[in-house]
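To start, the structure under review is shown below, and the notes come after it.
Because only heavy atoms are used, hydrogens play no part in the values below, and waters and symmetry mates are left out as well, while side chains stay in.
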Amino acid sequence: MSQITLFCLPHAGASASIYAKWRPFLNASIVLYPVELAGRGKRLNENQYNSLEEAIDDIYIQIKPLLKSPFALFGHSMGSLLAYELSCKIKQQDGLEPVHLFVSGRKAPQCPSSKRLINLLPDDEFTREIKKLRGTPEEIFQNKELFDFFKPILRADYKMIEEYEPPVRDFILSCGVSVLNGTEDNIAIEELTAWKQLTTGEFNITDFEGGHFFIYENVSSIVHQINEVIRVKVSNCTQIYNK
């Protein structure tokens, strides 16, 4: 049976380990590849990225040897932006696209961003903003030493996101795009449907119960959707890959 590699990109402050719980639910045809970003997890001793472009270049180098076989991309929040920009870089560099792109918990990159720069806020205000997202266990906030450890990672990630400007391109993607959204998240429907402007391929939006970090509460449902989409791609994948 043909296999498809699923590259998964984490949200701000997270490491590749957030996708570990997906393995038992994935079809045998899907090879899970959680991408580890610099400055966290197994790469903790490496410097944080200075820009999103730098992050994309680093991720591309990591996964390039695996692009000779069919692949899909999934990202949540910041990871959605990384997954989209990575798809564009692969298309530019190799003439390839993912068989499908899954973007979760984020508006389309061309939508206007808030002018408020969270990464520059004083510690107290920064902490309040992070708490609002309800994605960080309360125990971390209560442990000052632990939160002080995570804070520079979060600030660096927010800086990367907030300084991002969508490049002007003379192409759009042609792969299918699935948008995953939390029903209690604060992303407008127009910001979600704007992802459609970035591809000529199939497009859909699926709502899941929960707020911004709904992916933690809906693992089996999310992976089921991925399984179903990729099952079709495995049997019908006609994309040409480098020998």
Taking the inter-plane angle between the rings of H76 and F214 on a 0 to 90° scale, is it parallel (under 30°), tilted (30 to 60°) or perpendicular (over 60°)?
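Ring orientation, 0 to 90° scale: perpendicular.
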Would you say [X]'s side chain and [Y]'s backbone share a donor-acceptor pair under 3.5 angstrom?
X    : Y    : result
N218 : F208 : no
W195 : R106 : yes
T199 : C175 : yes

Which pairs count as ring pair (Phe, Tyr, Trp, His ring centres under 6.0 Å) when at least one residue sits in residues 86-105, sequence neighbours excluded?
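Listed by first then second residue: H100-F102.
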Looking only at side-chain N and O atoms, does S178 offer a donor or acceptor that is under 3.5 Å from a partner on N204?
yes
Are S51 and E163 close enough that a side-chain donor and a side-chain acceptor fall under 3.5 Å?
no
For residues 17-27, which side-chain donor-acceptor pairs fall under 3.5 Å, sequence neighbours excluded?
residue, atom, partner, partner atom, Å
S17, OG, S15, OG, 2.8
Y19, OH, L9, O, 2.6

Taking only Lys NZ, Arg NE, NH1 and NH2, and the carboxylate oxygens of Asp or Glu, determine whether D58 and R43 approach each other closer than 4.0 Å.
yes
Would you call K64 and D94 a salt bridge, using N to O less than 4.0 angstrom?
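Counted as a salt bridge, because a side-chain N and a carboxylate O are separated by less than 4.0 Å.
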Roughly how far apart are [X] [atom1] and [Y] [atom2], rounded to 0.5 Å?
X    : Y    : atom1 : atom2 : result
M78  : L154 : CE    : CG    : 9.5 Å
L67  : I90  : CG    : CD1   : 5.0 Å
E184 : D207 : CD    : CG    : 11.5 Å
S104 : I215 : OG    : CD1   : 5.5 Å
I56  : M160 : CD1   : CE    : 8.0 Å
L86  : K91  : CG    : NZ    : 14.0 Å

In the single-linkage hydrophobic clustering (I, L, V, M, F, W, Y; side-chain heavy atoms under 4.5 Å), do [X] and [Y] co-cluster?
X    : Y    : value
I61  : L37  : no
V223 : V31  : no
V103 : I172 : no

Could you pull out all donor-acceptor pairs under 3.5 Å where a side-chain atom in residues 164-171 meets a protein atom, sequence neighbours excluded?
residue, atom, partner, partner atom, Å
Y164, OH, E85, OE2, 2.6
R169, NH1, E85, OE2, 3.4
R169, NH2, E85, OE1, 2.4

I'd like to check the ring pair (Phe, Tyr, Trp, His ring centres under 6.0 Å) partners of Y33; sequence neighbours left out, ordered by chain and number.
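Y33 satisfies ring pair (Phe, Tyr, Trp, His ring centres under 6.0 Å) with F7 once adjacent residues are dropped.
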Kindly indicate whether the side chain of [X], heavy atoms from C-beta on, has any atom under 4.5 Å from the side chain of [Y].
X    : Y    : result
L173 : T200 : no
E162 : S113 : no
L192 : K107 : no
H11  : L82  : no
V179 : T206 : no
K89  : D57  : yes
I4   : K233 : yes
Q48  : I153 : yes

Closest approach of [X] to [Y] (non-hydrogen atoms, all atoms of both residues):
X    : Y    : result
A83  : L73  : O-CD1, 3.5 Å
A38  : Y49  : N-OH, 2.9 Å
G105 : I187 : C-CD1, 3.6 Å
H212 : S77  : NE2-OG, 2.9 Å
P98  : S87  : CG-OG, 3.6 Å
I161 : A12  : CD1-CB, 4.4 Å

Would one find more than 12 heavy atoms of other residues, nucleotides or ligands at under 6.0 Å from atom CD of Q225?
yes
With sequence neighbours left out, write down each residue that passes side-chain contact (heavy atoms from CB on, under 4.5 Å) with K151, or none if nothing qualifies.
D123, F126, F147, D148, R155
Tell me, with the steps shown, if S174 and E97 meet side-chain hydrogen bond (donor to acceptor under 3.5 Å, both in side chains).
CA-CA 8 Å; S174 59; E97 293 191 39; 2.8 Å; yes
Evaluation steps, side-chain contact (heavy atoms from CB on, under 4.5 Å), between Q110 and L198:
CA-CA 9 Å; Q110 73 274 26; L198 304 178; 3.6 Å; yes
Determine, step by step, whether E209 and E217 satisfy the side-chain contact (heavy atoms from CB on, under 4.5 Å) criterion, reporting the C-alpha distance in whole Å, the side-chain angles of both residues, the deciding distance to 0.1 Å, and the verdict.
CA-CA 8 Å; E209 292 294 326; E217 305 155 8; 5.8 Å; no
Members other than L117 in its cluster, when Ile, Leu, Val, Met, Phe, Trp, Tyr link by side-chain heavy atoms under 4.5 Å?
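Besides L117, the cluster holds L120.
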